[in-house]
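Notes follow once the structure below has been shown.
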Amino acid sequence: MTPTIDGAALLDEVEAFHRRFNVFPTEAAFVAVTLWDAHAHLLDCFDSTPRLAFLSPEPGSGKSRALEIVETLVPHPMTAVNASAAALFRAVSGADGRPTILFDEIDTIFGPKAGDNEELRGFLNAGHRRSGVTYRCIGDGGNQTVQAFPSYCAVAVAGLGSLPDTILTRSVVIRMRRRARNEKVEPFRARIHEAEGHKLRDRLAQWAEHARASVVGAWPEMPDGVTDRPADVWEPLLAVADAAGGDWPRRAREACVTLVKASQTTDKHSLGIRLLTDLRDHVLIGMDRMPTIAILDRLNALDDAPWADLDGKPLDHRRLSRMLAEYMTADNEPIRSRNIRTAGGVLKGFVSADLEDAWARYCPPPSQEAATAATPLQPSSEPVNL
């Protein structure tokens, strides 16, 4: 009879193995990656699988090394660099067993100089759900038939920059950075350390067999404020933590809150949402209305914001109006500029009340460190219709 494996102690060992070779930016990252390694052994227990994304602005930040360590710990690892969507969906549906896909240099696929790669994007999106399939025509000429290929599999990626929004929102994102001089790691030597990782992998597989009964159909309690897509992403990881027990349920939920909050403040899931959020938190704060020319001045002056350089040009009034018109007021009308009376006359501008419904629906909660209140224009009066 196989002895019972202490899940919490095993996850502690997996985390310690990562800490020997990886420097992650936060404690939450170590927790998330450890849980992701374990969840790959229980994939059939879940309705969805989060993508694990190691991203950084510069090379030499430890992304590839992170994938190397993950590779030693997950079932059936398949390292993919520049792999086609056709190769991946055939591998997932092949007779050798579902692989765990490790996609390094993902920026060469989705980076600014790459093509759209809609086929690969579609595969990665579809494979997030257990019901996900990829349809292909099989056969020659008039004898072709449509066949559905399963796409569901665990995927970890590493790359520079960011990812398409549809993949980013399905991911646990680890923002990697270069090691500081005082941050030391043990050199990873595949001939020595792969075997150590494989022993942990085999024990994870054994534990997963015992944990399966408690994970199947589990509905882990989500932290306050984690709903919708972030809840889908974290549900499998929290289920693994609950099955392991010990300190992992608490640590998992703390990591969930930390990383979800970080994604809300740093990931630009949509340029439109970034615009709405910057208008709320940095431009119209304390204001009930503002002329377009003043809005543009403030947006284009924001540090760490994209508005001063959109495809080589600063944001102008035409693009601002076009972007805001895609969102609706509380009266279900497109957000439009209005005539605003100021000391200098009547100017086109926007009214905060028109944006409030979009702010409530699309923007993350306001940060406690919002910018200082803007100085009101004088005089401030009701919009006028001319």
Side-chain angles (χ1 to χ4, degrees), residues 25 53-61 63 105-118 121 157-169 171 173-178 261-287 289-327 334-337 340 347-352 354-355 358-359 362-364 366-367 369-375 377:
F54 298 103
L55 304 176
S56 75
E58 298 291 341
S61 301
K63 301 180 300 297
E105 300 180 9
I106 196 72
D107 50 288
T108 63
I109 302 298
F110 296 120
K113 296 183 180 179
D116 289 336
N117 288 294
E118 288 301 323
R121 186 201 306 241
V157 304
L160 299 173
S162 192
L163 293 169
D165 295 339
T166 54
I167 299 175
L168 200 65
T169 57
S171 301
V173 179
I174 309 299
R175 299 285 179 184
M176 300 292 286
R177 57 192 182 187
R178 288 183 179 173
K261 184 177 179 180
S263 71
Q264 290 173 339
T265 57
T266 62
D267 294 339
K268 306 170 184 64
H269 299 320
S270 159
L271 197 61
I273 292 177
R274 174 66 186 263
L275 174 60
L276 289 171
T277 305
D278 282 350
L279 287 172
R280 183 195 65 185
D281 293 348
H282 303 298
V283 176
L284 288 168
I285 183 170
M287 305 286 289
R289 61 187 55 80
M290 185 179 288
T292 300
I293 188 171
I295 291 174
L296 291 172
D297 284 345
R298 296 189 180 202
L299 284 172
N300 290 327
L302 287 177
D303 293 333
D304 301 322
W307 312 118
D309 184 11
L310 293 173
D311 301 322
K313 298 179 181 179
L315 181 67
D316 59 25
H317 70 280
R318 290 186 180 86
R319 186 163 184 177
L320 175 67
S321 297
R322 187 168 63 249
M323 291 177 68
L324 289 179
E326 295 179 2
Y327 300 93
I335 297 173
R336 304 285 190 191
S337 62
I340 296 176
L347 300 173
K348 286 288 186 182
F350 290 88
V351 177
S352 296
D354 291 342
L355 293 156
W359 286 338
Y362 296 103
C363 297
S367 64
E369 298 179 359
T372 55
T375 303
L377 295 172

Which heavy atom of Met176 sits nearest to which heavy atom of Pro57, and what is that distance?
O-CD, 4.0 Å

Answer yes or no: is there a side-chain heavy-atom contact under 4.5 Å between Trp359 and Thr277?
no

Spatial distance of atom CE (Met323) from atom CD1 (Ile335) [nearest 0.5 Å]:
11.5 Å

Find the distance between CG (Asp278) and CG (Leu271) and round it off to the nearest 0.5 Å.
9.5 Å

Using a 6.0 Å cut-off, check whether atom CG of Leu310 has over 12 heavy atoms from anything other than its own residue.
yes

Distance-minimising heavy-atom pair for Arg274 and Ala305
NH2-CA, 3.3 Å

Shortest non-hydrogen separation from Asp107 to Leu160 and the atoms involved
OD1-N, 3.1 Å

Least distance between heavy atoms, Cys363 atom then Arg280 atom
CB-NH1, 3.5 Å

Shortest non-hydrogen contact from Leu324 toward Leu276:
CD2-CD2, 3.9 Å

Quick one: does Leu315's side chain get under 4.5 Å of Leu320's, heavy atoms only?
yes

Would you sort out whether Leu296 and His317 count as a side-chain contact (heavy atoms from CB on, under 4.5 Å), showing the intermediate values?
CA-CA 7 Å; Leu296 291 172; His317 70 280; 4.0 Å; yes

Any side-chain heavy atom of Ile174 sitting closer than 4.5 Å to one from Leu55?
no

Can we say Lys313 and Asp309 salt-bridge, meaning some charged N sits less than 4.0 Å from an Asp/Glu carboxylate O?
no

Is there a donor in the side chain of Thr292 and an acceptor in the side chain of Lys348, or the other way round, less than 3.5 Å apart?
no

Please check: side-chain N/O of Ser56 versus main-chain N/O of Glu58, any donor-acceptor pairing under 3.5 Å?
yes

Mind running side-chain contact (heavy atoms from CB on, under 4.5 Å) on Val157 and Ile167 for me, showing each step along the way?
CA-CA 10 Å; Val157 304; Ile167 299 175; 5.8 Å; no

Reference residue Ser352; test side-chain contact (heavy atoms from CB on, under 4.5 Å); the match among Leu284, Ile285, Val283:
Leu284

Verdict with reasoning, Tyr327 to Ile273, per side-chain contact (heavy atoms from CB on, under 4.5 Å)
CA-CA 10 Å; Tyr327 300 93; Ile273 292 177; 4.3 Å; yes

Enter the distance from Asp316:CG to Arg319:CZ here, rounded to the nearest 0.5 Å.
8.5 Å

Does the Thr108 side chain pair with the main chain of Glu105, one donor and one acceptor, at a distance under 3.5 Å?
yes

Any chance you could lay out the side-chain contact (heavy atoms from CB on, under 4.5 Å) test for Leu163 and Leu168, step after step, and finish with the verdict?
CA-CA 6 Å; Leu163 293 169; Leu168 200 65; 4.1 Å; yes

Asp297 side, atom CG; Met290 side, atom CE - distance, nearest 0.5 Å
10.0 Å

How close do Ser337 and Phe350 get, counting heavy atoms only, and between which atoms?
N-CE2, 3.4 Å

To the nearest 0.5 Å, what is the distance between CG (Leu279) and CG (Leu275)?
4.5 Å

